[in-house]
2 protein chains.
Amino acid sequence: MPAQTSLDSDQLSAYFALMDVAGLLKHAVEQQLREEGDLSYVQFQLLARLALDSPTGSERMTDLADGVVYSRSGLTYQAGLLEKAGLVSRAPSVDDERSVTVSVTDAGRAVIARVIPGHVEVLRQQLFSPLSGADTQSLRDLLVPVRDHMRAAPPRSAGSRRRR
Amino acid sequence: MPAQTSLDSDQLSAYFALMDVAGLLKHAVEQQLREEGDLSYVQFQLLARLALDSPTGSERMTDLADGVVYSRSGLTYQAGLLEKAGLVSRAPSVDDERSVTVSVTDAGRAVIARVIPGHVEVLRQQLFSPLSGADTQSLRDLLVPVRDHMRAAPPRSAGSRRRR
DNA sequence: TATTGTTATACTCTATAACTATA
DNA sequence: TATAGTTATAGAGTATAACAATA
């Protein structure tokens with residue numbers, strides 16, 4: 001069985017459908033986030049990760065960078081914007097003076113809380129309304145392993161700094 | 001059954017997995033397209049649509065805009081870059097003097113041909129290697145209806161100009 | 001009047017490379 | 001020496017609004 005040099009039609013249409021759906025969806029949620037919370041998608045990701053995923057509401061810059069932003073300077077830029085808006089604070093880490101710990105503020109949590117209902121509504125209308133519960137679960141089960149695989153085998157430039 | 005104001009955990013993880021996979025994949029293919037063809041993803045989409053999807057290799061700006069770029073000025077900008085690079089040509093449409101017909105040149109077809117193998121290779125490694133043939137078909141069958149639904153009910157600003 | 005496309009403009013985001021400071 | 005983060009800088013992409021030309 002030789003390695004194919006082209007894709008079959010299922011692969012092609014899956015690829016384009018994936019990119020189209022994600023592109024349209026991102027566009028829709030970015031508009032909602034901008035209107036209701038003055039947030040970009042990346043800023044929402046950062047804030048949501050701190051406010052919803054982290055028990056302490058804090059993470060080091062390096063840990064935040066993994067999976068949210070592609071370059072460190074980009075993260076510095078976004079964190080700076082969030083800090084200027086009063087939604088996060090930054091302080092040197094206690095255990096390692098090189099590191100910076102980013103923390104959501106109360107104002108940051110308030111923005112997330114304010115933005116979530118409209119966000120959910122967009123997702124419901126745009127993404128989930130054509131999908132049954134079983135469909136959604138299938139989609140999840142298909143995509144989560146792909147994400148894990150991609151994160152495990154990063155495309156060179158997305159690797160950690162030590163790989164360069 | 002009242003309308004929920006939050007998402008269940010399958011929906012949440014499907015949403016984030018979708019956005020993460022598409023973001024990582026876009027990042028990977030953009031790098032490949034830039035290295036091997038000096039193309040951005042949008043430029044690749046435009047060129048591929050003309051070279052692969054259109055029987056004549058030509059389309060009106062308005063038709064190109066549908067589903068590729070979000071604003072008309074953005075399409076003008078990208079078409080200008082492609083024209084400057086000699087990959088497309090633009091001419092007034094014969095039937096409607098207001099319209100502009102964009103056509104792939106031979107050089108444009110050559111760039112697509114040069115870029116495709118590496119593109120397929122990235123897709124194979126990043127997206128398809130964790131998916132069986134049946135998985136790929138399932139993914140396609142789940143996402144194509146979502147795309148159709150999104151295109152049918154655009155999120156306001158992505159609509160055609162006459163809707164504004 | 002409505003539609004097609006372009007232009008001027010401003011802004012956001014991202015990346016590279018050089019730099020500082022700590023481990 | 002290696003790692004964490006910042007800064008300066010430059011470039012790409014996008015959107016809005018005003019505009020010209022055609023239907």
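Numbers restart at 1 for each chain; the letters A, B, ... are given by sequence-line order, proteins then strands.
- For the residue pair B/G80 and B/R90, the shortest heavy atom distance occurs at CA-NH2, 3.5 Å.
- Heavy-atom neighbours of A/D53 CG from other residues, nucleotides or ligands within 6.0 Å: above the threshold of 12.
- A straight line from CZ of B/R34 to C1' of C/dA15 spans 12 Å, rounded to a whole angstrom.
- For the contact set between residues 74-86 of chain A and DNA chain C, defined by any heavy atom under 4.0 Å, the members are A/Y77, A/Q78, A/L81.
- Rounded to whole Å, atom C1' of D/dG13 lies 15 Å from atom CG of B/L39.
- When all heavy atoms of A/R140 and B/A14 are compared, the pair lying nearest together is CG-N, 3.8 Å.
- Aromatic ring pairs are classed by plane angle as parallel below 30°, tilted from 30° to 60° and perpendicular above 60°; the pair B/Y41 and A/Y15 is perpendicular.
- Atom CG in A/D63 sits roughly 13 Å away from atom C1' in D/dG5 (whole-Å rounding).
- In plain terms, the two heavy atoms of A/R60 and A/S93 that are nearest each other are CG-OG, 4.2 Å.
- The side chain of B/R72 places no N or O atom within less than 4.0 Å of a non-bridging phosphate oxygen (OP1 or OP2) of D/dA18.
- The shortest distance between side-chain heavy atoms of B/L64 and B/L50 falls below 4.5 Å.
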All N/O pairs under 3.5 Å across the protein-nucleotides 20-23 of chain D interface:
| residue | atom | partner | partner atom | Å |
| --- | --- | --- | --- | --- |
| D/dA23 | OP1 | B/E97 | N | 2.9 |
| D/dA23 | O4' | B/R98 | NE | 3.4 |

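- Side chain A/S73 to base C/dA15: a donor-acceptor pair is found below 3.5 Å.
- Protein atom CD of B/E35 is 11 Å distant from nucleotide atom P of C/dT16, rounded to whole Å.
- Put simply, NZ on B/K26 is 11 Å from P on C/dT14, counting in whole angstrom units.
- Here B/S71 lies in heavy-atom contact (under 4.0 Å) with a base.
- Contact check, B/H27 against C/dC13: no side-chain N or O comes under 4.0 Å of OP1 or OP2.
- With A/V146 as the fixed residue, the side-chain contact (heavy atoms from CB on, under 4.5 Å) test singles out one of B/L127, B/L139, B/D135: B/L127.
- As judged by a 4.0 angstrom heavy-atom cut-off over every strand, B/S93 is placed among residues making no nucleic acid contact.
- Among the atoms of the strands shown, only primed sugar atoms or phosphate atoms (P, OP1, OP2) are found under 4.0 Å from some heavy atom of B/Q43.
- A donor and an acceptor atom never sit less than 3.5 Å apart when one is taken from the side chain of A/T62 and the other from the base of D/dA4.
- Across all their heavy atoms, B/R109 and B/A51 have their closest contact at NH1-O, 3.3 Å.
- The closest donor-acceptor contact from the side chain of B/T105 to the backbone of B/G86 lies under 3.5 Å.
- Contact annotation: A/R90 reaches the phosphate of D/dT6 (side-chain N/O to OP1 or OP2, under 4.0 Å).
- In this structure, B/E30 places its CD atom 19 Å from P of D/dG11, rounding to the nearest Å.
- One atom, CZ of A/R60, and another, P of D/dT6, lie 13 Å apart when rounded to the nearest Å.
- The shortest heavy-atom contact between B/D20 and A/R151 is OD2-NH2, 3.3 Å.
- Distance CD (A/E59) to P (D/dG5): 11 Å, rounded to an integer number of Å.
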